Amino acid sequence: MKKIMFAAALAVCGVTAWAQEPNIPMGMFGAPQTANVNFDPYVAAPEGFDKERDGIKHGTVKLIEYQSESVGTTRKANVYLPASYDGKKKFSVLYLMHGIGGDEWEWMNDGGVPNIIMDNLYADGKVADMIVVMPNGRAAKNDSRDGGYGSFAAFGEFDKDLIGSLMPYIEKNFSVYADKDHRAIAGLSMGGGQSLNIGLGNMDKFAYVGGFSSAPNTGRPQQLIPDPEKTKKENKLLWMVCGGADGLMSNSSNLKAFCDENKVPCTLINYPNEGHNFTVWKYGLYSFSQLIFK
Ligand code: FER
């Protein structure tokens, strides 16, 4: 039923034969625009980075509920806690956003295996201490995943909920740092756009920003970086990846071109021949998480 309603919502917008977000075929959004951009080198993730491994410690994923002041409802988020989280030592926080057809469960249930990727990285000593918060990025009274394109506006309202309610909840209830140098935001597609908008728009709160296959909700480069000197000073990492066969590439490549012109450090990796899917997003989490809080 959920799938049918989501497909119906998309059909209204002229998109048909679309079962569910993670199955979006290559080229669904038109021909990728990849011209004139200096991509950063793609280095493949090692075999098994996303496969559950025996003989290592495993973290846990907890569903939390918090009162949202801006939405006026109780909202949910999933929180990955690594095995080394003991409630005593302080950890950093990565906010990890989902896409247009997802919710707080998308990364976990639709093929993102964030807990497995993070467990493996921890076991190999490749990441700094962090917890991963997976919110519902649709800040509306009805935040169910059936909304599709109809919930576009709700994705734009999430900054208030995040900064006003979710971050304070996390910082009160978990043993985490509460300053910009210990906060990162990244996400896939609509969540990539949100991460770029919120992260670059609130550099006093987030030092690390990642966009994976960011969607057309991504602000224009001049909106995201109105003052290149300020961004250079305050942002510690602006990192993006997008599939080379993903029609949404221009959202990332326009920003990369603007950064290059204005000498703002920025990474954009073109995942070779890949479309709009969790192959790219898992790689995004694997790569981005190793670069933050260090
Ligand atoms: C669009 C194409 C894709 C769009 C949003 C998306 C709002 C989002 C896709 C996703 O989150 O997977 O034109 O416009």
Side-chain angles (χ1 to χ4, degrees), residues 2-3 5-34 77-78 95-114 134-140 142-159 162 185-199 209-221 223-224 240-255 271 274-285 288:
K2 279 184 180 173
K3 274 191 188 177
M5 284 173 63
F6 185 53
L10 291 168
V12 168
C13 303
V15 179
T16 50
W18 188 347
Q20 197 181 341
E21 181 190 35
N23 301 324
I24 295 169
M26 280 186 197
M28 173 60 89
F29 304 119
Q33 318 269 305
T34 56
N78 272 305
Y95 291 89
L96 185 64
M97 308 304 302
H98 61 80
I100 201 164
D103 58 15
E104 70 277 11
W105 286 104
E106 182 178 29
W107 274 91
M108 287 297 296
N109 287 354
D110 291 354
V113 292
M134 294 168 272
N136 181 319
R138 210 179 283 99
N142 176 2
D143 61 5
S144 75
R145 60 187 302 170
D146 303 328
Y149 281 76
S151 56
F152 188 77
F155 281 86
E157 295 293 316
F158 180 66
D159 55 340
L162 173 65
I185 184 163
L188 71 89
S189 203
M190 283 297 277
Q194 286 178 308
S195 299
L196 297 171
N197 296 345
I198 296 173
V209 179
F212 315 154
S213 319
S214 300
N217 62 329
T218 304
R220 287 198 307 278
Q223 293 171 319
L224 296 176
M240 296 182 284
V241 65
C242 188
D246 186 337
L248 297 188
M249 174 62 93
S250 59
N251 302 307
S252 306
S253 58
N254 288 341
L255 180 55
Y271 194 117
E274 205 49 74
H276 196 71
N277 59 48
F278 264 111
T279 300
V280 177
W281 306 329
K282 286 190 293 186
Y283 178 81
L285 175 61
F288 180 77

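Below, each value reflects all heavy atoms present in this structure, side chains not excepted, and no hydrogens, waters or symmetry copies. These numbers were taken from a predicted model, which means no experiment stands behind them. Whatever order the structure lists ligands and atoms in, that order sets their numbers, starting from 1.
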Item to check | ring pair (Phe, Tyr, Trp, His ring centres under 6.0 Å) partners of Tyr95, counting only residues at least two apart | outcome: none
Next on the checklist: As an exercise, identify every atom of ligand 1 less than 4.0 angstrom from a heavy atom of His276.
Outcome noted: 9 (C), 10 (C), 12 (O)
Checklist entry - Are any non-hydrogen side-chain atoms of Leu248 and Pro216 less than 4.5 angstrom apart? => result yes
Checklist entry - Of all the atoms in ligand 1, which lie at a distance below 4.0 Å from a heavy atom belonging to Gly99? => result 11 (O)
Next on the checklist: Under the rule for ring pair (Phe, Tyr, Trp, His ring centres under 6.0 Å), what residues qualify as partners of Phe158, not counting sequence neighbours?
Outcome noted: none
Checklist entry - Between Met190 and ligand 1, is there a nitrogen or oxygen pair with a distance under 3.5 Å? => result yes
Checklist entry - Would you call Asp246 and Val280 a side-chain contact if the rule is heavy atoms closer than 4.5 Å? => result no
Item to check | Side-chain heavy atoms of Met240 within contact of Phe288, under 4.5 Å | outcome: no
Next on the checklist: Out of all atoms in ligand 1, which are within 4.0 Å of some heavy atom of Phe152? Include the element for each.
Outcome noted: 7 (C)
Item to check | Within-cut-off N or O pair, Ala215 and ligand 1, under 3.5 Å | outcome: no
